[in-house]
Amino acid sequence: METMKTVVERLKAAKRVAVFTHQRPDPDALGSQAAMGWILRELGASEIFLMQFAEVPRQYRFLVEPPTDKDGKPLWELTPWNAQWADGIGGAVDTILVVDTCTYNQLEPAAVFLKAQREKVLAIDHHLSRDDLAAIILADPKAAACVEILWELAKTAGVIINQGLAGALFAGLVSDTGWFRFDSVTERSHRMAAELTPLVNNAAMYEKLQQNETRPKLGLMERALASLRWGGNDRVACMSLRQQDFTQTGANQSQTEYLVDMPMIVSGVEVVILLTEMTDSRVRGSLRSKRDVDVNKVCRKFDGGGHAKAAGCRLNGPLETARERIMQAVEDELTNSLI
């Protein structure tokens, strides 16, 4: 594990940088990418590529839209990942930065490329699950969001936090802490928020992140709640979405975000599972917990992972079989937590 100062020195030497984050990026992932765009420019990088595996969700695109310098030149390029990029520009970058993940599973489309370029890779992450994917890894599982690490990195590097950088950092912080509701929040989280607040319109940020959905999202919420199955003496709530739910509502895969949190309003619920049928016949699982259940342990059984109270994995279908397997694994963990 590397120290912050070591990472800053490595980034100061970077000139042509590709910044990756995980598939289906949330505001912490995209905010981390944008924050690194601002930081890298201040440290002297001349070319910066924010790599995307798919189109950025409409409501989050403002986070990574490239700003321009005084001459009207974009500070970075929003770049779609593909084989042509990997065989061309990708081979010429001197630094590959991975933020908000440290597992090949979450970087699957680029896994072969990243493995081949490992000595150029620098990873910054706050999750418990970790692969040996980088020559330099800066990890802090105690950080409530990846952007907390980047906030400290900027301060260590002497980067002045302007409105653009503040907005990217703040978006990631409030998203991954549930607007400071989760128990991952620490004194550091509040100190960071206090420093950024004068530079950010909090109400406008909330509207962009939380009140900027489309009507099909409500249809998806209805389908998810209608699918509810209970287990573990009603301590486990499991929802599932099939491909037909997306077709019939007009919603897209990115609109599943935050659905998993809905059953948490029930006082007796300790673990919520959201299963989403994917086009390749696999099933994506998103898990959330409260109290003492470690869903990272559950997801590790299926080659996934994340945080103790928020994790994900992928299971083989069909959906009914996946549901039985994941619910049994959760109920086993519930039993273990009582021992």
Side-chain angles (χ1 to χ4, degrees), residues 14 16-41 45-68 73-117 120-125 127 133-134 145-147 150 164-165 167-169 171-172 175-176 208-209 212-214 246 251-258 276 278-280 284 286 312 314:
R16 203 176 201 194
V17 188
V19 186
F20 285 82
T21 192
H22 55 78
Q23 299 180 83
R24 299 182 67 249
D26 57 9
D28 188 29
L30 295 169
S32 293
Q33 280 191 305
M36 283 311 310
W38 286 103
I39 292 169
L40 286 164
R41 274 299 183 190
S46 55
E47 289 185 85
I48 303 165
F49 307 93
L50 302 193
M51 306 304 302
Q52 305 300 321
F53 293 124
E55 185 176 354
V56 177
R58 175 195 54 80
Q59 67 271 34
Y60 300 150
R61 192 171 177 87
F62 76 97
L63 290 171
V64 288
E65 285 286 4
T68 56
K73 181 181 178 181
L75 297 189
W76 58 73
E77 292 184 29
L78 198 57
T79 308
W81 163 261
N82 54 51
Q84 291 74 24
W85 184 91
D87 293 338
I89 296 173
V93 298
D94 58 66
T95 303
I96 299 169
L97 185 59
V98 175
V99 294
D100 199 36
T101 185
C102 202
T103 66
Y104 287 118
N105 190 42
Q106 290 195 308
L107 299 158
E108 191 173 22
V112 173
F113 169 78
L114 293 172
K115 288 176 181 179
Q117 301 286 336
K120 294 181 181 180
V121 180
L122 189 162
I124 302 176
D125 188 32
H127 294 91
L133 60 70
C146 185
V147 290
L150 304 188
L165 176 53
L169 294 171
S175 173
D176 253 30
K208 287 181 177 179
L209 294 178
N212 194 22
E213 272 292 357
T214 60
F246 294 93
N252 58 57
Q253 290 283 337
S254 70
Q255 292 181 293
T256 60
E257 193 169 9
Y258 302 124
T276 305
M278 301 169 65
T279 55
D280 63 0
R284 183 175 64 244
S286 299
R314 296 187 184 187

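Just so it is clear, the structure is predicted and the values come from calculations on it, not from any experiment.
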Mind checking whether Q59 and T214 have side chains closer than 4.5 Å, heavy atoms only? no
Could you go through the side-chain contact (heavy atoms from CB on, under 4.5 Å) check for L97 and M51 one step at a time? CA-CA 10 Å; L97 185 59; M51 306 304 302; over 6 Å; no
For Q106, does its backbone N or O pair with a side-chain atom of R24 as donor and acceptor, under 3.5 Å? no
Determine the interplanar angle of the H127 and H22 rings, folded into 0 to 90°, and report it as parallel if under 30°, tilted if 30 to 60°, perpendicular if over 60°. perpendicular
Would you mind reporting whether V56 and P25 have side-chain heavy atoms less than 4.5 Å apart? no
With a 3.5 Å distance limit and no angle check, can you tell me whether E257 reaches the backbone of D26 through a side-chain donor-acceptor pair? no
Within a strict 4.5 Å, meaning less than it, do heavy atoms of the Q33 and W76 side chains meet? no
Mutual orientation of the aromatic rings belonging to F113 and W81 [parallel < 30°, tilted 30-60°, perpendicular > 60°]: tilted
Please check if the side chain of R41 supplies one atom and the backbone of S46 the other of a donor-acceptor pair under 3.5 Å. yes
Can you find a pair of side-chain heavy atoms, one from L209 and one from F62, that are under 4.5 Å apart? yes
When you compare the side chain of L107 with that of T101, does any pair of heavy atoms fall below 4.5 Å? yes
Is the side chain of S175 donor-acceptor paired with the backbone N or O of G172 at a distance under 3.5 Å, no angle test? no
Show your reasoning for whether side-chain hydrogen bond (donor to acceptor under 3.5 Å, both in side chains) applies to E55 and S254. CA-CA 10 Å; E55 185 176 354; S254 70; over 6 Å; no
Roughly how far, to the nearest 0.5 Å, is CZ of F20 from CG of L50? 10.5 Å
Would you say L75 and P66 make side-chain contact, with heavy atoms under 4.5 Å? no
Under 3.5 Å, is there a donor-acceptor pair between the side chain of T21 and the main chain of V99? yes
How about R284 and T256: do any of their side-chain heavy atoms sit closer than 4.5 Å? yes
Any V19 side-chain heavy atom under 4.5 Å of L40 side chain: yes
How long is the span from the CD atom in Q253 to the CD atom in Q23, to the nearest 0.5 Å? 11.5 Å
Could you tell me the separation between the CG atom of D176 and the CG atom of D28, rounded to the nearest 0.5 Å? 4.0 Å
Going from CD on Q117 to OG1 on T95, what distance comes out if it is rounded to the nearest 0.5 angstrom? 11.0 Å
I need the I96 CD1 to L122 CG distance, nearest 0.5 Å. 10.5 Å
